[in-house]
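Residues: numbered from 1 along the sequence shown. Note that these values count all heavy atoms, side chains included, but never hydrogens, waters or copies made by symmetry.
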Amino acid sequence: MPEKKGAYENAAADTDFRKKYDRAEYAQKAVEREAKEKEERKARYEAKLAGKKYYKPLTGEETLTQARMEKLDVTGNVGKVTLMPAGAATGKRGRGAGNYCEDCDLTFKDNMQWVEHINSMQHLRAIGQTGEVKRATTEEVRQRIDAIWEKLQEEKKGDVQTLEERLEIRKEEDEKVREERRIKRQQLAERKREEKEKEAKIKQEYGEDVRIEGEHDEDDMMASMGIVGFGSSKK
């Protein structure tokens with residue numbers, strides 16, 4: 001009976017297409033996982049005896065806690081119908097109907113629990129924050145106050161109702177746009193002036209025979225089309 005060959009002319013069996021696993025490697029991973037779970041159970045038990053809540057231990061890669069830059073949407077799902085699979089979680093653990101936290105794999109049925117969880121140490125540890133806040137400097141406080149003041153002014157502009165105030169705001173915006181355009185024109189003129197000075201300096205150093213990039217593009221295009229000039233043929 002001829003020997004069965006594989007795609008690369010080597011001996012093959014019916015199950016050679018299956019993935020090979022290193023049993024020793026996976027056995028070591030199982031031992032490490034069991035040791036880690038055992039240590040976590042012990043820490044949870046000790047925290048419970050001490051009357052404290054267990055938190056995930058720090059790894060040293062966490063960052064300081066910062067304020068959220070966006071608002072929590074606690075009313076986005078009001079009045080909506082969500083289809084959940086048959087095996088969806090009915091308690092807090094796992095994804096279910098309600099506000100779901102992907103970092104902690106928890107589901108909360110009401111907004112108050114959701115907000116409390118977002119601000120809890122458990123969630124902060126899960127997203128890689130220490131729960132400690134950096135002490136702000138005087139300059140940072142001033143910058144924060146200025147940013148809040150500008151935001152309040154923008155909101156105030158949006159609440160204006162009278163025609164005179166709207167016209168005044170429009171006038172200020174137009175003046176701001178004109179000023180930006182004027183600055184751009186000045187920058188463009190300055191850039192062109194520097195390019196011309198650079199070209200003049202090159203011609204002064206190397207003579208008139210030197211070609212400046214882009215200077216003779218029109219003449220080259222006319223020559224490639226067979227157009228030498230538009231002069232009269234009369235003599």
Side-chain angles (χ1 to χ4, degrees), residues 61-80 99 101-103 111 114-115 118-119 123-124 126-234:
E61 299 179 357
E62 291 81 6
T63 59
L64 295 175
T65 301
Q66 299 179 356
R68 287 189 298 271
M69 302 305 296
E70 68 280 352
K71 294 182 179 180
L72 289 177
D73 185 10
V74 296
T75 60
N77 295 326
V78 175
K80 293 184 179 180
N99 297 310
C101 177
E102 296 183 358
D103 299 301
N111 298 338
W114 167 248
V115 174
I118 292 298
N119 297 327
H123 180 75
L124 295 177
I127 62 177
Q129 295 185 7
T130 60
E132 299 178 357
V133 181
K134 178 184 176 182
R135 185 178 180 85
T137 61
T138 306
E139 185 63 27
E140 291 175 346
V141 172
R142 291 176 179 175
Q143 294 177 0
R144 181 66 175 173
I145 293 175
D146 293 338
I148 295 175
W149 175 253
E150 292 178 0
K151 184 177 180 180
L152 291 175
Q153 292 300 318
E154 292 294 333
E155 293 177 354
K156 183 178 178 181
K157 290 180 181 179
D159 296 336
V160 172
Q161 298 296 331
T162 63
L163 178 61
E164 291 78 6
E165 291 177 340
R166 288 200 297 267
L167 292 175
E168 184 66 24
I169 292 173
R170 183 60 182 269
K171 182 178 179 181
E172 293 177 359
E173 293 177 351
D174 292 341
E175 291 178 355
K176 186 177 180 180
V177 171
R178 285 196 295 269
E179 180 66 19
E180 292 178 353
R181 291 177 178 175
R182 185 182 65 81
I183 294 175
K184 289 183 179 179
R185 288 196 300 269
Q186 289 180 352
Q187 293 176 350
L188 181 61
E190 182 66 20
R191 187 162 57 251
K192 289 183 177 180
R193 184 183 63 80
E194 292 177 356
E195 291 177 355
K196 289 183 178 180
E197 291 179 354
K198 185 177 180 180
E199 293 175 2
K201 185 177 180 181
I202 292 175
K203 288 185 177 181
Q204 184 178 2
E205 293 179 357
Y206 299 98
E208 295 292 334
D209 294 335
V210 66
R211 289 176 61 90
I212 305 299
E213 183 179 358
E215 183 180 12
H216 303 286
D217 289 348
E218 185 176 355
D219 297 338
D220 295 341
M221 182 179 65
M222 293 176 62
S224 64
M225 297 172 63
I227 302 174
V228 179
F230 295 98
S232 175
S233 59
K234 294 181 180 181

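Heavy-atom contacts from other residues, nucleotides or ligands closer than 6.0 Å to CD of Glu102 number 12 or fewer. Arg193 CZ: more than 12 foreign heavy atoms inside a 6.0 Å radius. Within 6.0 Å of the CZ atom in Arg182, the count of heavy atoms belonging to other residues, nucleotides or ligands exceeds 12.
From Arg191, atom CZ reaches atom CD of Gln186 across 12.5 Å, with rounding to the nearest 0.5 Å. Note that the NZ atom of Lys192 and the CD atom of Gln187 stand 13.5 Å from one another [nearest 0.5 Å]. To the nearest 0.5 Å, atoms CG (Asn111) and CD1 (Ile118) are separated by 11.5 Å. Note that CG of Leu188 is 10.5 Å distant from CD of Glu190, once rounded to the nearest 0.5 Å. The distance from the CZ atom of Arg181 to the NZ atom of Lys184 is 8.5 Å, given to the nearest 0.5 Å. Atom CG of Asp174 is separated from atom CD of Glu172 by 10.0 Å, given to the nearest 0.5 angstrom.
For Asp103 against Ile127, the heavy-atom pair with the smallest separation is OD2-CG2, 3.4 Å.
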Worksheet item: Which is it for Arg170 and Glu173 under the side-chain contact (heavy atoms from CB on, under 4.5 Å) test, yes or no, and what are the steps along the way?
Response: CA-CA 5 Å; Arg170 183 60 182 269; Glu173 293 177 351; 4.1 Å; yes
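Remark: Arg178 pairs with no residue by the salt bridge (charged side-chain N to carboxylate O under 4.0 Å, His left out) rule, at least two apart or across chains.
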